[in-house]
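All of these numbers come straight from a predicted model, not from anything done at the bench. Proteins get letters first, then strands, A, B, ... in listed order; numbering begins at 1 in each.
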Protein chains: 2
Amino acid sequence: MSKKMSNSQISTEDRIKEAAKKVFLEKGFDGTTTRDIAKQAGLNCALMNYYFRSKQKLFSSVFEDMLILFFQGMTNILNKPISLKEKVVELVNHDFRTLVENPSLTNFVLNELHREPERFGQTFNAHKMVNEALLARQLEEASAKGEIRPIDIKNFFPLLMANIHFLFLCKSMTMETWNMTEADFVRFAEKHKDMVIEMVTDYLFLPQEVP
Amino acid sequence: MSKKMSNSQISTEDRIKEAAKKVFLEKGFDGTTTRDIAKQAGLNCALMNYYFRSKQKLFSSVFEDMLILFFQGMTNILNKPISLKEKVVELVNHDFRTLVENPSLTNFVLNELHREPERFGQTFNAHKMVNEALLARQLEEASAKGEIRPIDIKNFFPLLMANIHFLFLCKSMTMETWNMTEADFVRFAEKHKDMVIEMVTDYLFLPQEVP
DNA sequence: AAGAATTTTAATCAGTTGTTTAAATTTTTT
DNA sequence: AAAAAATTTAAACAACTGATTAAAATTCTT
């Protein structure tokens, strides 16, 4: 099981994983058959087990990647040495772009976590992606200085994520309801995103006194 | 196939549907087997087909109910002859209570709609639950009077629903992350709900001039 | 180029799935 | 109470699923 892949030639292992990612994201673990994946990858169904041993193992591999993608914004941006307001704006914009590129990411991750909640701790703790202590301190300091409303870090996360992620969870419903094309939806989502940024920052950041 | 049920005796059909609701909500259509449902209902697996003809038909029956439950708040409250602010507050509170009672409702409905987006139009249009014209006019009037920010009805719905529903979509993740009990989570969610009501109304409703 | 190691394939297996059948049981009608 | 209708059951079916096997094809090593 060694890598034979020469330059710029995509390996069979990667082809299988790409196919698996595509099918799993669309149909979920339970709705996906190993034959679906093999067909999508354009190869024999036994090859999947040759490289990944089982459907479970292949799924776990894909799921880990998707969980990291899901939390990439929090990881990279909330740990940055920038102001709170910058963090809020950057994170919402980052998640928006990620979800435009991967519209079913949220549904996939949250649904699979609903099926097997243990998976979260297993993968996430292993990467311990957000430095909670740092962010919690920043929230406390800003609140002490009267820059923001006092807010628990527990409430901070969903406040940032809910509005954007929910939009893409309802994507098909929204498009059907308002007869939107793909482009229509992205425009609508972008407008909504800007509205949300304004609403959240207006709420969170208090007007500063000018001495 | 007539109803034999006497007083206060739950019919077999209802027992099957209750069992199906429980299992489908937890595992989804793909993750559920007919034998799961039969076992949960405590009866033979062939009886399910005697009453509902197929897994699909039974699922459709459950799904319709859940879609109605999902949109009950919008249906009942947004059509009421009350002020916009009252509608916002009532709707968020209503959805919160519904989700405390049915924590996996959102995940179930959105995930099944993601699997088969056509289902939405089929069931929802048949009930045409929200009088869009009425609400749209109310939004326009309030905006013309300077009571609220100008807002498209398309943006109004997700603004009301996203924060509460997302909270329950992340329930297992949140509880695991912050080591919460069931009661802890409900307290947390309630606090978050109040915060969201404040944020949304603060954003939506403009301060009125006193003459 | 020959042999060894790796990769890919077709065929198959054992278990599960949704559904059906035919018989047994219960309820309703006469 | 007997006959008819409705309900419930155990058993089985055919299709599908994840996985394995053993052989074929390819690549690597010498």
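- With contacts defined as side-chain heavy-atom distances shorter than 4.5 Å, the pair L110(B)/H114(B) does not qualify.
- No donor-acceptor distance shorter than 3.5 angstrom exists from the side chain of D36(A) to the backbone of T32(A), with no hydrogens or angles considered.
- F70(B) and F63(B) have their aromatic ring centers separated by at least 6.0 angstrom.
- Across the protein-nucleic acid pair, L58(B) atom CG and dG18(C) atom P stand 11 Å apart, rounded to whole Å.
- The base of dA10(D) sits with one of its N or O atoms less than 3.5 Å from a complementary donor or acceptor on the side chain of N44(B).
- Between E13(A) atom CD and dT6(C) atom P there is a gap of 15 Å when expressed in whole angstrom units.
- Considering only the side chain of T33(A), dT17(D) comes nearest among dT17(D), dT9(C), dT9(D).
- Nucleotide dA19(D) holds its P atom 11 Å from the CZ atom of R53(A), rounded to whole Å.
- Checked against a 6.0 Å centroid threshold, the rings of F59(B) and F24(B) count as neighbours.
- Checking dT9(C), dT17(C), dT8(D) against every side-chain atom of A46(A), the shortest atom distance belongs to dT9(C).
- If you measure from atom NZ of K27(B) to atom P of dT16(C), you get 13 Å, rounded to the nearest angstrom.
- For dG18(D), neither phosphate oxygen OP1 nor OP2 lies less than 4.0 angstrom from any side-chain nitrogen or oxygen of N49(A).
- Put simply, S54(A) has no side-chain N or O that comes within less than 4.0 Å of OP1 or OP2 on dG18(D).
- The separation between D30(A) atom CG and dG18(C) atom P is 11 Å, rounded to whole Å.
- Phosphate proximity of dA19(D) to Y50(A): absent, as no side-chain N or O sits under 4.0 Å from OP1 or OP2.
- Considering only side-chain N and O atoms, T34(A) lies under 4.0 angstrom from the phosphate OP1 or OP2 of dG18(D).
- When the C1' atom of dT7(D) is taken as reference, atom CG of L43(B) falls 11 Å away, rounded to whole Å.
- Going from atom CG of D36(A) over to atom P of dC16(D) covers 12 Å, rounded to whole Å.
- As a whole-Å value, the separation of R35(A) CZ from dT17(C) P is 15 Å.
- Checking S104(A) against N107(A) by side-chain atom types alone, no donor-acceptor pair falls below 3.5 Å.
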